[in-house]
Amino acid sequence: FMAQEPSISLPSIRHKFLRSFFLLVSGYAVLGLFLILAVFFASRMTPALIHANYDSISAIVTMSESWYGLSYPENYRERSGKDLINDFESALAVEEKNAAQADEKMIVTQIRELWDRNRSDMGKITSEDYHRVDELLDETIAMNERGMFSIVEESYLLGRRILIASVAL
């Protein structure tokens, strides 16, 4: 007697088709989930970053008004020097915690040094120190404005890339 060779049963075409279809649909489901998560995280990050820049600008405007008021008290008779000093100090503390741009921390440190040197007697501030603080405040506002616009631009580009990747796939 000859032993019979075991028969090999091949999967049916239907089984291969269903398996391939399932893998394809699963792949698109994973990709779709990834794209949804990418859009979700990208859309949450942009407003938070813009808010940080806006908070910096708001603090700097307060510092600028206080700085001007302390330097020219005759123009700010409705507010005492003590109030202006407190406003400047509070806004500076906010800005020190909220430095949103790369070089902003360095600029805020310079503002802090100039402030600490001059706050006890603003009547004796040198012209160089006054103008330097004024320049640093203006520079920080401009830096934060550029930062906000670049965040918006990057967010727009990210949305475009995700849309193109979705369509391409």
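With rounding to the nearest 0.5 angstrom, the OG atom of Ser150 is 11.0 Å from the CG atom of Leu157. Atom CD1 of residue Ile111 and atom CD of residue Glu96 lie 9.0 Å apart, to the nearest 0.5 angstrom. Rounding to the nearest 0.5 angstrom, the gap separating the CG atom in Asp83 from the CG atom in Asn86 is 6.5 Å.
With Asn118 contributing its side chain and Leu114 its backbone, the two residues share a donor-acceptor pair below 3.5 Å.
A salt bridge is defined here as a Lys NZ or Arg NE, NH1 or NH2 lying under 4.0 Å from an Asp or Glu carboxylate O, and Lys105 with Glu95 fails to meet this definition.
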Show every donor-acceptor pair shorter than 3.5 Å between a side-chain atom in residues 59-73 and any protein atom, with sequence neighbours excluded, or say none if there are none.
{"from": "Thr62", "atom 1": "OG1", "to": "Ser58", "atom 2": "O", "distance (Å)": "3.1"}
{"from": "Ser66", "atom 1": "OG", "to": "Thr62", "atom 2": "O", "distance (Å)": "3.0"}
{"from": "Trp67", "atom 1": "NE1", "to": "Tyr130", "atom 2": "O", "distance (Å)": "3.4"}
{"from": "Tyr68", "atom 1": "OH", "to": "Asn75", "atom 2": "ND2", "distance (Å)": "3.1"}
{"from": "Ser71", "atom 1": "OG", "to": "Trp67", "atom 2": "O", "distance (Å)": "2.9"}

Check: residues 131-148 side-chain donor-acceptor pairs under 3.5 Å, at least two apart:
{"from": "Arg132", "atom 1": "NH2", "to": "Gln110", "atom 2": "OE1", "distance (Å)": "2.8"}
{"from": "Thr140", "atom 1": "OG1", "to": "Leu136", "atom 2": "O", "distance (Å)": "2.7"}
{"from": "Asn144", "atom 1": "OD1", "to": "Asn53", "atom 2": "ND2", "distance (Å)": "3.0"}
{"from": "Asn144", "atom 1": "ND2", "to": "Glu104", "atom 2": "OE2", "distance (Å)": "3.1"}
{"from": "Asn144", "atom 1": "ND2", "to": "Thr140", "atom 2": "O", "distance (Å)": "2.9"}

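Within 6.0 Å of atom CZ in Arg112, more than 12 heavy atoms from other residues, nucleotides or ligands are found, so the atom counts as buried in its surroundings. In the displayed structure, Leu33 atom CG is contacted under 6.0 Å by more than 12 heavy atoms of other residues, nucleotides or ligands.
Residues Phe88 and Arg119 have side chains not in contact (no heavy-atom distance under 4.5 Å, counting atoms from C-beta outward). Taking the side chain as every heavy atom from C-beta outward, Leu24 and Tyr28 approach each other to under 4.5 Å.
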